[in-house]
**Student:** 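Pasting in a structure now, in structure tokens, and then I'll have a few things to ask.
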Amino acid sequence: MKIVNVILSGGIGSRLWPLSRKSKPKQYLPIFDEKSLFQLAVERNSSVCDELCVVGGKDNYKLSKQILEDLAIEEYSEIVEASPRNTAAAIAFAALQSDPEDILIVSPSDHLIKNDDLYYKAIQEALELAKQDYIVTFGLKPTGPETGFGYIEFEGQEVISFREKPTQEHAKSFVDSGRFLWNSGMFCFKASVYLEELKKHEPSVYEASSAVFSAKRGVFLDESLSMEIPSISVDYAVMEKTEKIKVVPSFFDWSDMGSFQAIYDFIPANDPRKSNTNLTLNSKKLVEFIGVENVILVETEDAILVLNKDNAQDVKKVYERLEKENPQYLK
């Protein structure tokens with residue numbers, strides 16, 4: 001039995017446009033003390049894992065390879081998806097690549113995690129549950145009524161229900177009740193247990209993913225076969241259906257770094273990019289704010305974004321509109 005650090009690196013970071021682009025998504029931007037989120041994800045589990053497996057897309061796998069090369073990491077496995085088919089399939093590929101008894105610690109490549117002691121305590125608790133053939137998810141103690149995350153209703157290690165991204169009113173009631181955790185998108189389980197549960201609850205995803213994996217050439221998956229995989233998240237495919245689910249209530253500092261609000265919260269108050277409640281990102285120009293509050297200005301060579309922090313989730317709508325009207329600004 002080995003412990004495998006599975007990093008999912010196929011995200012595009014649409015809520016961090018224009019910094020995050022298809023050619024360099026947010027997980028590869030070296031904006032966290034000169035390190036990228038992908039690098040931090042690799043380093044974070046290196047002390048508890050025996051192997052590293054990176055599942056990414058054809059558009060950015062070279063960025064992953066370059067970071068691993070810079071870190072002098074030569075021993076790792078890699079799976080390059082021809083077309084993103086969501087997390088249920090991506091995790092299936094990593095499980096198929098592993099030995100059946102291997103325990104996978106699955107995490108996205110775009111999370112920022114602090115409080116190492118609390119993190120490793122949660123990891124050890126999850127590993128013990130995974131050894132008992134449970135499917136383990138990590139639930140984070142909410143720090144506020146965030147509407148951009150899913151929630152887990154829990155009691156001890158038992159999962160009562162999953163709730164999708166709520167309204168502000170519902171999010172507040174969840175947090176006030178003390179019975180809900182943020183759904184972190186991090187998981188731990190044996191490779192065989194995950195595949196058994198996927199086969200049981202979403203056989204079409206299991207069968208199509210297996211066929212694609214069997215036909216791979218080196219690290220590359222076939223595009224035409226990949227398009228036959230139903231695109232479904234691991235939460236819908238397995239987590240919300242399996243009877244083997246357990247949650248580890250976790251108390252380490254965590255952010256999915258999925259919005260400019262999250263970046264604002266990460267940057268220290270004395271950073272020169274902050275001016276009262278305003279923030280400037282990636283601009284080489286002098287920026288002065290007069291008569292406005294909670295404003296974030298983001299500049300790149302070809303675009304400027306100005307937003308109120310309270311509307312940070314709405315950047316995704318701009319990305320989606322540009323995808324239809326001006327896709328050149330997403331490259």
Side-chain angles (χ1 to χ4, degrees), residues 9 11-41 43-44 59-60 63 66-67 70 108-115 140 142-149 165 168 171 182 253-331:
S9 64
I12 57 175
S14 59
R15 289 176 292 167
L16 287 182
W17 180 89
L19 288 184
S20 184
R21 304 291 184 103
K22 290 183 177 180
S23 59
K24 197 166 188 177
K26 66 175 180 177
Q27 59 266 33
Y28 300 107
L29 301 173
I31 56 178
F32 302 94
D33 297 328
E34 303 302 318
K35 293 184 177 182
S36 67
L37 292 170
F38 178 85
Q39 178 178 341
L40 292 172
E43 295 175 341
R44 185 161 51 246
D59 294 331
N60 57 38
L63 297 173
Q66 184 60 58
I67 291 174
D70 293 341
S109 61
D110 54 3
H111 289 180
L112 185 68
I113 291 174
K114 300 180 182 177
N115 296 125
L140 278 300
T143 58
E146 174 63 55
T147 60
F149 304 145
K165 297 175 182 178
Q168 188 71 32
W182 283 341
D253 286 345
W254 170 91
S255 172
D256 73 343
M257 280 296 148
S259 70
F260 285 112
Q261 173 71 64
I263 291 183
Y264 179 92
D265 292 340
F266 169 78
I267 294 174
N270 60 354
D271 191 290
R273 291 172 293 179
K274 278 190 172 180
S275 174
N276 296 320
T277 61
N278 302 316
L279 174 68
T280 302
L281 288 174
N282 207 51
S283 178
K284 297 179 181 179
K285 302 181 178 68
L286 172 66
V287 177
E288 297 286 350
F289 296 96
I290 300 175
V292 293
E293 295 180 345
N294 300 318
V295 170
I296 299 176
L297 184 147
V298 188
E299 181 177 1
T300 62
E301 289 185 1
D302 61 348
I304 294 176
L305 174 71
V306 181
L307 69 147
N308 187 292
K309 291 207 303 280
D310 294 339
N311 298 97
Q313 298 293 336
D314 294 335
V315 177
K316 185 175 182 178
K317 297 177 183 178
V318 176
Y319 188 98
E320 292 170 346
R321 177 170 55 79
L322 291 174
E323 202 160 28
K324 299 175 181 177
E325 299 175 1
N326 291 293
Q328 69 269 24
Y329 288 106
L330 305 181
K331 295 179 181 178

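Counting from 1, the numbers follow the sequence of the chain as shown.
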**Student:** Does atom NZ of K309 have more than 12 heavy-atom neighbours, drawn from other residues, nucleotides or ligands, at distances under 6.0 Å?
**Tutor:** yes
**Student:** Return yes when atom NZ of K274 has more than 12 non-hydrogen atoms of other residues, nucleotides or ligands closer than 6.0 Å, and no otherwise.
**Tutor:** yes
**Student:** First locate atom CD1 of I12, then atom CG of D59, and finally report the distance between them rounded to the nearest 0.5 Å.
**Tutor:** 10.0 Å
**Student:** Run the numbers on Y264 and T277 for side-chain contact (heavy atoms from CB on, under 4.5 Å), then give the verdict.
**Tutor:** CA-CA 9 Å; Y264 179 92; T277 61; 4.2 Å; yes
**Student:** Give the minimum heavy-atom separation between M257 and A262, together with the two atoms involved.
**Tutor:** CE-O, 3.6 Å
**Student:** Kindly indicate whether the side chain of L281, heavy atoms from C-beta on, has any atom under 4.5 Å from the side chain of R273.
**Tutor:** yes
**Student:** Is there a side-chain contact between L16 and L29, using heavy atoms and a 4.5 Å cut-off?
**Tutor:** no
**Student:** Count the heavy atoms of every other residue, nucleotide or ligand shown that sit under 6.0 Å from CD of E288, and state whether that count exceeds 12.
**Tutor:** no
**Student:** For residues T300 and R21, determine if any side-chain heavy atom of one lies less than 4.5 Å from a side-chain heavy atom of the other.
**Tutor:** yes
**Student:** Can you check whether P18 reaches V298 side chain to side chain, under 4.5 Å on heavy atoms?
**Tutor:** yes
**Student:** With a 4.5 Å cut-off on side-chain heavy atoms, are I31 and I263 touching?
**Tutor:** yes
**Student:** Counting N and O atoms only, with roles assigned by atom type, does the side chain of N278 sit under 3.5 Å from a partner on the main chain of V295, one being a donor and the other an acceptor?
**Tutor:** yes
**Student:** Using 0.5 Å steps for rounding, measure from the OG atom of S14 to the NZ atom of K317.
**Tutor:** 12.5 Å
**Student:** Taking salt bridge (Lys or Arg N to Asp or Glu O under 4.0 Å) as the criterion, tell me which of D314, D110, D256 meets it with R15.
**Tutor:** D256
**Student:** Shortest non-hydrogen contact from E323 to K22?
**Tutor:** OE2-NZ, 3.6 Å
**Student:** How close do I296 and Q261 get, heavy atom to heavy atom, and via which atoms?
**Tutor:** CD1-N, 4.5 Å
**Student:** If you look at every heavy atom in P25 and N60, which pair is closest and at what distance?
**Tutor:** CG-ND2, 3.9 Å
**Student:** Kindly indicate whether the side chain of F38, heavy atoms from C-beta on, has any atom under 4.5 Å from the side chain of L63.
**Tutor:** no
**Student:** I need the R44 CZ to H111 NE2 distance, nearest 0.5 Å.
**Tutor:** 8.5 Å
**Student:** Looking at every heavy atom in both S109 and S9, which two are closest together, and how far apart are they?
**Tutor:** OG-CA, 3.3 Å
**Student:** Is the count of non-hydrogen atoms from other residues, nucleotides or ligands lying under 6.0 Å from E34 atom CD greater than 12?
**Tutor:** no
**Student:** With a 4.5 Å heavy-atom cut-off, do S36 and I67 have their side chains touching?
**Tutor:** yes
**Student:** Kindly indicate whether the side chain of E320, heavy atoms from C-beta on, has any atom under 4.5 Å from the side chain of K316.
**Tutor:** yes
**Student:** Considering all heavy atoms of both residues, which atom of S259 and which atom of A312 are nearest to each other, and what is their separation?
**Tutor:** CB-CB, 4.0 Å
**Student:** Distance check, rounded to the nearest 0.5 Å: L305 atom CG versus F260 atom CZ?
**Tutor:** 5.5 Å
**Student:** To the nearest 0.5 Å, how far apart are CD1 in I304 and CG in N282?
**Tutor:** 11.0 Å
**Student:** Does atom CG of N276 have more than 12 heavy-atom neighbours, drawn from other residues, nucleotides or ligands, at distances under 6.0 Å?
**Tutor:** no
**Student:** Who pairs with F149 by ring pair (Phe, Tyr, Trp, His ring centres under 6.0 Å), at least two apart in sequence or on another chain?
**Tutor:** W182, W254
**Student:** Sequence neighbours left out, what pairs pass ring pair (Phe, Tyr, Trp, His ring centres under 6.0 Å) with at least one residue falling in residues 289-331?
**Tutor:** none
**Student:** If you measure from CD on E299 to OG1 on T280, what distance do you get to the nearest 0.5 Å?
**Tutor:** 9.5 Å
